[in-house]
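As structure tokens, the structure follows; a few thoughts come after it.
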2 protein chains.
Amino acid sequence: MNKINRKVEYALIGLKHMRGKPPGELTTVKELTLHYGCPFEMTSRVMQNLAQKGVLRSEQGAYGGYQITKDLNRISFYDLMAMILGPMAVAKCMHSSELESACEIRETCNIVSPVQTLSRRLAEFYRDLTVAELLDGRGGSTGKNLKSSVVAEASMMAEPT
Amino acid sequence: MNKINRKVEYALIGLKHMRGKPPGELTTVKELTLHYGCPFEMTSRVMQNLAQKGVLRSEQGAYGGYQITKDLNRISFYDLMAMILGPMAVAKCMHSSELESACEIRETCNIVSPVQTLSRRLAEFYRDLTVAELLDGRGGSTGKNLKSSVVAEASMMAEPT
DNA sequence: TTAAATACGTCTATTTTAGTCGTAGATAGA
DNA sequence: TCTATCTACGACTAAAATAGACGTATTTAA
Ligand code: SF4
Ligand code: SF4
């Protein structure tokens, strides 16, 4: 459950790879597929997305490739996901302005407010986490959780049978 | 993206419904399907899961039904999801003890550590959020985000084209 | 004895995600 | 100018996860 999207992983792989390079040096998609075994077309598409959003600069033609142009400290993980997957919608009844794609239960639903709460807080969480923070690995713990021992009780449980 | 699981929604619907009742009064699945239009079999299964985990008490036979037995303040949203969906695995390479279901990229992957970081922090987030807190709607904001204006910059963007 | 409920294994349909194919366009260098 | 090598992108197919249905057994109050 709650699996991270594969495209987003490829984005992280690419960004991590490019970060370790001297400034100005380009990276081709082929290079990424050879190093990490990620599928060419998909990775290519992801890089194109990031280029469109201004995170990368693309250079076409022979000896072309991609290059990071934006400070990864200024890009939240939320942004990264949104660039690749579009805006986050935690449930069917959100962002569905009109009738289209709305939830068939919505009229009688008693948890719209809770779900909106969840959506808000989850977005907050993702926006608060920068891509640089993630890639640099200094994400041990928020330290915020010293008070949560009250909740930990029921946490050990197996898969539903 | 990041859509909440439907079964979990049905669980919340059921719990919210039962919370509004006088103690001792039972709730049938049929009652839930009539009130909220959620599918009978699925909702039934979800309630069975919650009963097995001790959140609900089930009474069989005619005039049977379900009843909340555990303090929802002591159940994290993480727990609720885990009861219904099993343990959270943010990526293929996690919790896959042996060769089975492991990521085909794992040997060369350069982002295992970042992904583990994400996993840890996300679990922390979900464990820190109680079901009661969610259902009662007092989940405005964590107030923790006053420092995140630096990140908000790139947040307005449309779907990938 | 019966009606109404939970319990649960298995199956099918739908939706989402992952990955491929084919082609067009840019550019450095021979 | 021609070619190798790259990005750009629309459309398509395959695989996996999610959502839901069916069938049947068991429990229990009336
Ligand atoms: S169930 Fe309620 S909350 Fe979930 S999508 Fe439908 S309406 Fe929104
Ligand atoms: S890509 Fe890297 S992080 Fe993601 S699953 Fe495979 S190994 Fe784990």
Side-chain angles (χ1 to χ4, degrees), chain A residues 1-11 13-14 25-34 36-53 56-67 81 84-86 88-92 100-101 103-105 159-161, chain B residues 1-11 13-14 25-34 36-53 56-67 81 84-86 88-92 100-101 103-105 159-161:
Chain A
M1 84 192 195
N2 252 302
K3 220 179 291 182
I4 185 179
N5 188 286
R6 206 71 210 243
K7 292 183 185 174
V8 174
E9 286 199 316
Y10 296 146
I13 287 177
E25 190 164 325
L26 297 181
T27 299
T28 70
V29 176
K30 188 177 183 185
E31 188 179 333
L32 294 176
T33 69
L34 290 179
Y36 307 107
C38 43
F40 183 91
E41 286 301 330
M42 223 180 177
T43 309
S44 179
R45 209 61 74 92
V46 169
M47 297 305 146
Q48 285 165 36
N49 281 334
L50 296 187
Q52 285 165 358
K53 302 301 180 183
L56 301 178
R57 190 180 71 85
S58 81
E59 198 159 301
Q60 288 191 329
Y63 296 83
Y66 293 95
Q67 180 185 12
M81 290 194 293
I84 296 164
L85 305 172
M88 178 170 90
V90 88
K92 282 203 232 174
E100 52 107 8
S101 87
C103 176
E104 53 278 11
I105 300 302
E159 193 126 5
T161 52
Chain B
M1 85 193 195
N2 252 300
K3 220 178 291 182
I4 185 180
N5 188 285
R6 205 70 210 242
K7 291 183 187 175
V8 175
E9 285 199 318
Y10 295 146
I13 288 176
E25 190 164 326
L26 297 180
T27 298
T28 70
V29 176
K30 188 177 184 187
E31 188 178 333
L32 293 175
T33 69
L34 290 179
Y36 308 108
C38 43
F40 183 91
E41 285 302 330
M42 221 178 181
T43 309
S44 178
R45 209 61 76 94
V46 168
M47 297 305 145
Q48 284 166 38
N49 281 333
L50 296 186
Q52 283 166 358
K53 303 300 180 185
L56 301 179
R57 189 180 72 83
S58 81
E59 199 159 302
Q60 288 191 331
Y63 295 82
Y66 295 95
Q67 180 185 12
M81 290 194 293
I84 297 164
L85 306 172
M88 178 169 91
V90 87
K92 282 204 233 174
E100 52 107 9
S101 86
C103 176
E104 53 278 11
I105 300 302
E159 194 126 6
T161 53

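This is a predicted model, so every value here is computed, not measured. In what follows, every heavy atom counts, from backbone to side chain, and hydrogens, waters and symmetry copies are set aside. In what follows, chains are A, B, ... by sequence order, proteins preceding strands, each numbered from 1.
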Provide, to the nearest angstrom, the distance between the [atom1] atom belonging to [X] and the [atom2] atom belonging to [N].
X	N	atom1	atom2	value
L56(A)	dT7(D)	CG	P	11 Å
Q48(B)	dG9(C)	CD	C1'	11 Å
M42(B)	dT6(C)	CE	P	17 Å
K30(A)	dT5(D)	NZ	C1'	8 Å
M47(B)	dA7(C)	CE	P	12 Å
Q67(A)	dT7(D)	CD	P	13 Å
M81(A)	dT17(C)	CE	C1'	16 Å
L50(A)	dC9(D)	CG	P	13 Å

OP1 or OP2 of [N] under 4.0 Å from side-chain N/O of [X]:
X	N	value
S58(A)	dA8(D)	yes
Q52(B)	dA7(C)	no
Y63(A)	dA4(D)	no
N5(B)	dA19(D)	yes
K3(B)	dT16(C)	yes
Y66(B)	dA7(C)	yes

*Could you check M1(A) against V8(B) for side-chain contact (heavy atoms from CB on, under 4.5 Å), going step by step and ending with a plain yes or no?*
CA-CA 11 Å; M1(A) 84 192 195; V8(B) 175; over 6 Å; no
*Is there a donor and acceptor pair closer than 3.5 Å between the side chain of R45(B) and the base of dG20(D)?*
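Under the 3.5 Å cut-off, the side chain and the base do not form any donor-acceptor pair.
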*Is there a donor and acceptor pair closer than 3.5 Å between the side chain of E41(A) and the base of dC21(C)?*
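Looking at the base of dC21(C), it does pair with a donor or acceptor on the side chain of E41(A) (distance under 3.5 Å).
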*Between I4(A) and Q60(A), who's closer to the 5' end of DNA chain C by nearest nucleotide?*
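By nearest-heavy-atom nucleotide position, the 5'-most residue is I4(A).
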*5′-ward residue of the pair M1(B)/P39(A) relative to DNA chain C*: M1(B)
*Let me know, please, whether R6(B) or A62(B) comes out on the 5' side of the other along DNA chain D by nearest nucleotide.*
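Nearest-nucleotide comparison on DNA chain D picks R6(B).
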*If you pin F40(A) and N2(A) to their nearest nucleotides in DNA chain D, which one's is more 5'?*
F40(A)
_Taking the minimum atom-to-atom distance to the side chain of T28(A), which one of dT7(D), dG19(C), dG9(C) wins?_
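Side chain of T28(A) sits closest to dT7(D).
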*asked:* Using side-chain contact (heavy atoms from CB on, under 4.5 Å), reason through L26(A) and Y63(A) one step at a time and then give a plain yes or no.
replied: CA-CA 8 Å; L26(A) 297 181; Y63(A) 296 83; over 6 Å; no
_Worked check of side-chain contact (heavy atoms from CB on, under 4.5 Å) between Y36(A) and E31(A)_ = CA-CA 8 Å; Y36(A) 307 107; E31(A) 188 179 333; over 6 Å; no
*Test K92(B) against R6(A) for side-chain contact (heavy atoms from CB on, under 4.5 Å), laying out the working first.*
CA-CA 10 Å; K92(B) 282 204 233 174; R6(A) 206 71 210 243; 3.1 Å; yes
*List the atom of P39(B), the atom of T33(B), and the distance in Å for their closest heavy-atom pair.*
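In this case the closest contact between P39(B) and T33(B) is C-CG2, 4.2 Å.
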*asked:* I'd like to know whether CZ of F40(A) has more than 12 heavy-atom contacts from other residues, nucleotides or ligands below 6.0 angstrom.
replied: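 Counting other residues, nucleotides and ligands, CZ of F40(A) exceeds 12 neighbours.
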